[in-house]
Amino acid sequence: MTQGSITKILMVDDAARHHPTYRASITEVMHATVDFATTGEDAMQRLAQEPYDLMILDLGLPGKSGEEVTAEIRRTPKYDTLAIIILTGNSDPRTQQRLLDLGADDFVEKGGSPDILIARIRTQVRNRLTLKRMAAMSVDMETFVGAVLHDLRNLEANIS
């Protein structure tokens, strides 16, 4: 996910009748693709098959709950950069705290304003892009330091 590239979103919601509305709301204003899963198990299978930048995750799923999916994702290192926005009608602070502690990145109220959903998606995309840039800078710095040390060793060997 670089600036100008397509953001890949996986939305996990068992209410399939809402999928076209979510897709249209997101893709009308963002350069994104939106895929859907209707169960937690399906979501984990899709994640294993292809990388996503962001997941919008309903809590009340049949089978594996959104909370269980969040915990499983955060236990899996290859999903470290996957942003998770919880889609919920539950505004209980204790529930939100528990989910944040599990690794959720943000919350969106079910049935809320599409503009708020888009703003929260954009914020998570921006955060992930910053993390990726920082990781790349770290690799560049390690490469630079390695090259400088190599040159210093060669210089030292030639002086001796």
Side-chain angles (χ1 to χ4, degrees), residues 1-140:
M1 166 181 50
T2 58
Q3 230 171 2
S5 70
I6 296 175
T7 301
K8 292 185 66 172
I9 298 171
L10 177 61
M11 182 157 199
V12 188
D13 185 2
D14 60 326
R17 67 187 178 280
H18 298 301
H19 293 181
T21 303
Y22 281 118
R23 177 178 280 129
S25 295
I26 294 167
T27 59
E28 281 178 12
V29 295
M30 291 184 67
H31 198 53
T33 61
V34 183
D35 294 331
F36 294 92
T38 56
T39 67
E41 292 83 359
D42 184 28
M44 294 309 299
Q45 287 174 352
R46 294 195 69 127
L47 279 178
Q49 292 170 356
E50 64 182 293
Y52 287 90
D53 300 306
L54 183 135
M55 176 185 279
I56 302 169
L57 180 62
D58 186 11
L59 287 181
L61 298 170
K64 188 180 291 192
S65 72
E67 189 168 331
E68 291 170 310
V69 170
T70 300
E72 185 173 339
I73 287 169
R74 291 305 181 227
R75 285 191 306 265
T76 309
K78 76 178 189 177
Y79 303 131
D80 279 350
T81 61
L82 178 70
I84 301 173
I85 298 176
I86 301 294
L87 182 65
T88 184
N90 186 343
S91 60
D92 176 50
R94 290 182 306 265
T95 300
Q96 290 185 6
Q97 179 66 48
R98 186 176 68 251
L99 290 161
L100 288 167
D101 288 343
L102 275 176
D105 295 292
D106 205 347
F107 294 88
V108 169
E109 186 178 339
K110 252 187 174 178
S113 164
D115 294 336
I116 295 297
L117 173 63
I118 298 304
R120 291 183 187 270
I121 290 171
R122 284 185 170 146
T123 297
Q124 292 306 317
V125 168
R126 192 171 45 252
N127 290 346
R128 291 317 190 248
L129 183 58
T130 299
L131 284 173
K132 287 182 180 190
R133 286 179 180 156
M134 289 175 68
M137 287 172 53
S138 174
V139 169
D140 290 346

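The structure displayed is predicted, hence computed values, not measured ones. Start at 1 with the first residue, then count along the sequence.
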**Study point:** side-chain hydrogen bond (donor to acceptor under 3.5 Å, both in side chains) partners of residues 14-30, not counting sequence neighbours, each pair once
**Key:**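 Passing the test, one end in residues 14-30: no pairs.
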Practice item. Quick one: which residue pairs count as a side-chain hydrogen bond (donor to acceptor under 3.5 Å, both in side chains) with a foot in residues 101-121, not counting sequence neighbours? Key: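 Applying side-chain hydrogen bond (donor to acceptor under 3.5 Å, both in side chains) to every pair that reaches into residues 101-121, excluding sequence neighbours, yields Asp58-Lys110, Arg74-Asp105, Gln97-Asp101, Asp105-Arg128, Asp106-Arg120.
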Check your understanding: Do Gln124 and Ile84 have side-chain heavy atoms sitting under 4.5 Å apart?
Key ->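 Sidechains of Ile84 and Gln124: no contact.
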If I compare all heavy atoms of [X] with all of [Y], which pair ends up nearest, and what's the gap?
X     : Y     : answer
Phe36 : Arg46 : O-NH1, 3.3 Å
Val69 : Gly40 : CG2-CA, 3.5 Å
Leu82 : Asp53 : CD1-C, 3.7 Å
Thr39 : Val12 : O-CG1, 3.7 Å

Using 0.5 Å steps for rounding, measure from the [atom1] atom of [X] to the [atom2] atom of [Y].
X      : Y      : atom1 : atom2 : answer
Arg126 : Ile121 : CZ    : CD1   : 12.5 Å
Leu59  : Phe107 : CG    : CZ    : 7.5 Å
Thr7   : Ile26  : OG1   : CD1   : 10.5 Å
Leu10  : Leu47  : CG    : CG    : 5.5 Å
Leu61  : Glu41  : CG    : CD    : 8.5 Å
Thr33  : Ile9   : OG1   : CD1   : 7.0 Å

Point to revise | Qualifying salt bridge (charged side-chain N to carboxylate O under 4.0 Å, His left out) pairs with a residue from residues 61-71, counting only residues at least two apart or across chains | key: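 Sorted result for residues 61-71: Lys64-Glu72, Glu67-Arg98.
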Holding to side-chain contact (heavy atoms from CB on, under 4.5 Å), I want the full list of residues that pass it with [X], two or more places apart in sequence or in another chain.
X      : value
Pro93  : none
Gln45  : Asp42
Ala104 : Ile86, Leu99

Practice item. Start with the C-alpha distance between Ile56 and Val34, add both sets of side-chain angles, then the distance that settles side chain to side chain contact (heavy atoms under 4.5 Å, CB included), and finish with yes or no. Key: CA-CA 10 Å; Ile56 302 169; Val34 183; over 6 Å; no
